[in-house]
Amino acid sequence: PSCIFFLVPEDRDVEITIVDILDYVGDSVRPIKEGFAVFDANHIICLGYRTTNTSSVHITAYVTQSSHPGHSPHQVNLDLGPGPGSVSEWILNCTCKAGTAKCKHIIACLLYIEKHKRVEFLSCTDVSQAWGMSKAHKTAAWGAKRVKDMCCVLTPKKINVDVEGGLKEERIIKMKYLFIYLFIY
């Protein structure tokens, strides 16, 4: 029997320093504050490289919209130079309405890379295909769900309690919460 091996691209080290990010942003403080807030809120859904060569690495990320978390995420594209200090060679863009290459989504992605120092490979099913829809957009429901609708939440079973024996409603509620507590723990 013959074996077929598939080469899976490895994670890649990307060197970005906080000094590079500050150099890129320039004198404006707002993108740093807002970008850190996006990063700190864990709004970066997916970040990884698609292509790489000796002079640059192309990174794609998807970032949740802060103002409309139920809508499709913003796509951020980062073409980064070969190493620290190559800020002038960066080509960065985002699909957000801000229209600048220094929006909070881009800064959040740069902060993510600076912290983790390593990015994973994104396959063709992770990024937008030629017809403009990614697997994430197609299969994920970006809208909010009620806690009881999530698969990991168990709903307690209802207990029939005979109230003729003089049990007060308050005592029944206490018993219900005690049962839920015992059921969970």
Side-chain angles (χ1 to χ4, degrees), residues 5-18 20-22 24-25 30-84 86-87 89-147 149-153:
F5 293 98
F6 295 99
L7 293 176
V8 178
E10 296 181 5
D11 293 352
R12 176 167 174 150
D13 293 330
V14 179
E15 294 182 51
I16 293 180
T17 65
I18 195 71
D20 291 333
I21 298 170
L22 292 172
Y24 176 73
V25 172
R30 184 176 178 180
I32 295 291
K33 285 182 179 179
E34 292 180 355
F36 182 77
V38 170
F39 169 74
D40 195 41
N42 292 319
H43 282 199
I44 299 173
I45 298 167
C46 175
L47 183 143
Y49 75 95
R50 294 179 54 202
T51 58
T52 183
N53 57 43
T54 56
S55 64
S56 68
V57 59
H58 178 79
I59 295 172
T60 298
Y62 293 96
V63 182
T64 302
Q65 294 187 36
S66 305
S67 56
H68 301 289
H71 294 143
S72 295
H74 294 300
Q75 182 175 338
V76 176
N77 295 304
L78 312 169
D79 284 319
L80 304 175
S86 61
V87 176
E89 299 174 27
W90 290 358
I91 301 170
L92 314 177
N93 61 51
C94 178
T95 59
C96 72
K97 291 180 181 179
T100 68
K102 296 179 183 177
C103 72
K104 61 186 176 181
H105 310 104
I106 289 174
I107 303 305
C109 292
L110 293 173
L111 290 168
Y112 179 93
I113 296 167
E114 189 274 331
K115 180 179 180 186
H116 295 284
K117 307 287 187 207
R118 200 164 183 79
V119 293
E120 63 183 22
F121 177 75
L122 293 182
S123 69
C124 60
T125 58
D126 295 322
V127 296
S128 291
Q129 293 122 2
W131 55 90
M133 183 179 289
S134 71
K135 183 178 180 181
H137 286 86
K138 191 174 181 183
T139 59
W142 298 107
K145 291 183 178 181
R146 295 179 295 182
V147 173
D149 293 337
M150 295 182 180
C151 63
C152 60
V153 177

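Numbers here are sequence positions counted from 1. Side chains included, hydrogens not; waters and symmetry mates left out as well; all remaining heavy atoms used. Computed from a predicted structure; not experimentally measured.
- Remark: of the listed residues Asp79, Ile113, Leu80, Leu80 is the sole one forming a side chain to side chain contact (heavy atoms under 4.5 Å, CB included) with Val57.
- Although no hydrogens or angles enter the test, the distance criterion places no donor-acceptor pair under 3.5 Å between the side chain of Gln65 and the main chain of His74.
- Here the CZ-CD1 distance, from Arg30 to Ile107, works out to 13.0 Å after rounding to the nearest 0.5 Å.
- Taking the side chain as every heavy atom from C-beta outward, Ile18 and Leu111 approach each other to under 4.5 Å.
- Of all heavy-atom pairs spanning Gln75 and Thr60, the tightest one is NE2-CG2, 3.7 Å.
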Open item on the list: Run Leu110 and Phe39 through side chain to side chain contact (heavy atoms under 4.5 Å, CB included) and show every step you take.
Closed with: CA-CA 9 Å; Leu110 293 173; Phe39 169 74; over 6 Å; no
Task: side chain to side chain contact (heavy atoms under 4.5 Å, CB included) evaluation trace for Lys104 with Ser66 - done: CA-CA 10 Å; Lys104 61 186 176 181; Ser66 305; 3.7 Å; yes
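- Scanning both residues, Asp20 and Glu15, for their nearest heavy atoms gives OD2-O, 4.4 Å.
- Remark: Lys115 NZ is loosely packed, at most 12 non-hydrogen atoms of other residues, nucleotides or ligands lying under 6.0 Å away.
- Distance check: His105 NE2 to Asn93 CG gives 13.0 Å after rounding to the nearest 0.5 Å.
- Nearest heavy atoms, Gly48 versus Val119: CA-CB, 4.3 Å.
- Rounding to the nearest 0.5 angstrom, the gap separating the CD1 atom in Ile91 from the NE2 atom in His58 is 10.5 Å.
- Counting heavy atoms from C-beta outward, Val76 and Cys94 have side chains that approach closer than 4.5 Å.
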- [ ] Take Ile16 and Tyr24, measure what side chain to side chain contact (heavy atoms under 4.5 Å, CB included) needs, and give me the verdict at the end.
- [x] CA-CA 11 Å; Ile16 293 180; Tyr24 176 73; over 6 Å; no
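- Here the shortest heavy-atom pairing between Gly35 and Ala108 reads O-CB, 3.4 Å.
- More than 12 heavy atoms of other residues, nucleotides or ligands sit less than 6.0 Å from atom CZ of Arg118.
- In this structure, Leu47 and Cys109 approach most closely via the heavy-atom pair CD1-CB, 3.8 Å.
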